[in-house]
Amino acid sequence: MNVIYSKLKKSAGKVYIIGGIMLMLIGVGITLGVGHDLFHYLFIDEPDLFESKSSSYEEGEWFTCDNNILFDYFASDDSGRYYLTNTNDGEYFGFYVRNKDLDKAEQICDETYDYLDGKRDDLSDVYLSGKGYMVEMSTSEQRYLRDYIEASGYEVEDYNLIYLTYRLETPWGLIVDNEGENNLFYMIVGLVLFISGIIMIIYFFSGGYKKNIKKSIKSYGILEELLDRDMSTAKQIGDYFVGTEHLVSCNIPGTIVIPYNVFVWVYVQVTKTKHTVYGIIPAGTSTSYQLVIYDRNKRKQMLNLKSQEQGDEIIQEMYGRAPYFLRGFNDKFANAVTNNFQSMVNAVDERRQQVIGGGY
């Protein structure tokens with residue numbers, strides 16, 4: 001069986017190793033594509049927002065922050081509010097706070113005004129801390145900011161405004177509400193593909209690719225010693241090994257061992273599939289080939305082939321070693337499978353007895 005397992009391992013490697021790596025790469029690509037901000041949040045160190053010069057504030061730039069200065073909010077959406085804050089060098093910009101932190105933000109606002117009014121000696125002891133990035137204010141957001149300033153009795157020109165908003169983020173927020181985008185579904189798809197790729201690779205190295213062939217050995221009561229001896233002189237046709245008493249398919253995932261003494265009917269099935277675009281535009285026809293085997297228990301095995309010629313060669317080689325099973329497709333056999341399969345089994349048994357008894 002070393003030859004069989006070696007062939008099987010080679011075929012399985014192409015499917016499980018290469019396929020697993022491809023799934024992992026696709027999964028990583030999808031995850032990073034929709035979760036690049038999450039990756040940034042988790043793995044990249046950033047400068048402090050209020051220790052950085054305002055000239056370094058740009059769209060997409062990330063910063064860490066501990067903010068205890070908020071003046072009031074000038075706009076809101078379903079997920080949070082847009083507050084006004086200022087830098088150490090006296091420039092004002094937006095600061096986005098999610099709903100879960102609004103109570104804390106309001107406390108900071110109250111204590112900021114208390115400090116400015118001389119009611120307390122220091123700014124708030126409460127901070128909004130974390131990591132986030134700068135986003136350019138939309139036209140409507142800029143309008144709301146100017147309206148807020150003018151409604152407070154000041155002129156917009158009195159403020160050194162930076163039309164950027166700092167978005168304080170959380171890992172979960174970056175997944176389910178990143179500037180209004182919910183990426184949870186795509187993140188799950190990416191992770192599922194990545195994990196599936198890992199499982200495929202583990203499955204290969206743990207010998208899982210042998211599972212089907214061992215299952216068929218057990219199912220048909222095949223002795224591995226006899227199979228091993230049979231395969232030592234077997235003829236290889238593509239991914240198939242035609243022995244004296246057994247057929248072994250090393251196709252992945254259709255690996256199987258079938259002894260000829262359970263064969264009832266064998267034929268090559270040719271399937272032509274017409275393809276269309278949008279259901280109406282012809283896009284060509286593809287052809288697939290399968291070796292169909294019915295055993296004594298009416299189990300139907302369908303094994304992939306590269307061509308009809310390959311299937312015909314395999315059937316011819318098997319029939320030369322076991323000239324008693326029924327071969328080739330015809331309506332008579334197809335009807336018998338449905339209506340009187342036992343008659344086919346009886347016919348094969350009779351032919352087999354004649355072969356064993358020297359009648360052929």
Side-chain angles (χ1 to χ4, degrees), residues 20-52 54 56-70 73-88 93-109 112 124-138 141 162-202:
I21 291 174
M22 289 298 295
L23 282 180
M24 290 173 65
L25 291 176
I26 294 172
V28 168
I30 292 174
T31 302
L32 290 180
V34 300
H36 58 280
D37 286 338
L38 177 62
F39 179 86
H40 210 123
Y41 183 98
L42 294 174
F43 300 110
I44 299 179
D45 292 330
E46 303 297 349
D48 186 273
L49 177 66
F50 293 102
E51 292 181 0
S52 302
S54 58
S56 67
Y57 293 0
E58 293 182 5
E59 167 85 11
E61 288 295 315
W62 281 75
F63 299 91
T64 58
C65 90
D66 291 295
N67 188 11
N68 64 343
I69 303 175
L70 293 176
Y73 72 93
F74 58 89
S76 64
D77 57 28
D78 291 340
S79 301
R81 292 175 178 173
Y82 298 80
Y83 286 82
L84 184 66
T85 188
N86 70 337
T87 66
N88 288 336
F93 62 99
F95 194 96
Y96 185 74
V97 180
R98 293 184 180 276
N99 289 331
K100 69 180 185 62
D101 291 323
L102 290 184
D103 288 343
K104 186 182 292 187
E106 287 301 304
Q107 181 179 347
I108 293 174
C109 280
T112 297
S124 177
D125 297 326
V126 177
Y127 289 84
L128 289 169
S129 302
K131 186 183 289 188
Y133 58 93
M134 287 292 187
V135 179
E136 186 175 350
M137 288 187 184
S138 66
E141 192 178 340
I162 302 173
Y163 289 110
L164 293 169
T165 296
Y166 178 79
R167 293 183 64 92
L168 186 62
E169 293 290 356
T170 63
W172 182 247
L174 288 168
I175 294 174
V176 300
D177 183 20
N178 189 4
E179 294 190 65
E181 295 291 330
N182 189 331
N183 297 316
L184 181 59
F185 172 76
Y186 297 103
M187 291 287 289
I188 291 174
V189 170
L191 289 174
V192 167
L193 290 175
F194 181 78
I195 293 171
S196 297
I198 293 176
I199 291 174
M200 286 179 67
I201 293 173
I202 293 175

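When a residue number appears, it is its place in the shown sequence, counting from 1. These numbers were taken from a predicted model, which means no experiment stands behind them.
Side chains of Thr165 and Tyr82 form a contact here, defined as non-hydrogen atoms less than 4.5 Å apart.
The two residues Cys65 and Asp48 have their closest heavy-atom pair at CA-OD2, 4.3 Å. Residues Gln107 and Val126 approach most closely at NE2-CG2, 3.2 Å, considering heavy atoms. Contact detail for Leu42 and Pro171: the closest heavy-atom pair is CD2-CG, 4.3 Å. Here the closest non-hydrogen pair linking Ser196 and Leu23 is CB-CD1, 4.1 Å. Among all heavy-atom pairs drawn from Gly27 and Leu193, the shortest one is CA-CB, 3.9 Å. When every heavy atom of Ile201 is checked against every heavy atom of Met24, the shortest pair comes out as CD1-SD, 3.7 Å.
Screening Arg167, Glu141, Glu61 for a side-chain contact (heavy atoms from CB on, under 4.5 Å) with Val135, the sole residue that qualifies is Arg167. With Ser129 as reference, Asp66 is the one residue of Asp66, Asn68, Asn67 to meet the side chain to side chain donor-acceptor pair (under 3.5 Å) rule. In summary, of the residues considered (Thr85, Thr64, Asn86), a side-chain contact (heavy atoms from CB on, under 4.5 Å) with Phe50 occurs for Thr85 alone. None of Phe63, Tyr163, Trp62, Tyr133 except one satisfies the ring pair (Phe, Tyr, Trp, His ring centres under 6.0 Å) rule with Tyr57; the exception is Phe63. Looking at Tyr166, Tyr73, Tyr83 one by one, the single match for ring pair (Phe, Tyr, Trp, His ring centres under 6.0 Å) with Phe95 turns out to be Tyr166.
The salt bridge (charged side-chain N to carboxylate O under 4.0 Å, His left out) pairs that include a residue from residues 95-104 are Arg98-Glu169, Arg98-Asp177, where partners are two or more places apart or lie in different chains.
Here the CZ atom belonging to Phe93 is positioned 4.5 Å from the CE atom belonging to Met134, to the nearest 0.5 angstrom. A distance of 11.5 Å separates CD1 in Ile69 from SG in Cys109, rounded to the nearest 0.5 Å.
The salt bridge (charged side-chain N to carboxylate O under 4.0 Å, His left out) check on Arg81 picks up Glu106, with sequence neighbours excluded.
At distances below 3.5 Å, not a single donor-acceptor pair connects side-chain atoms of Glu136 with backbone N or O atoms of Glu59.
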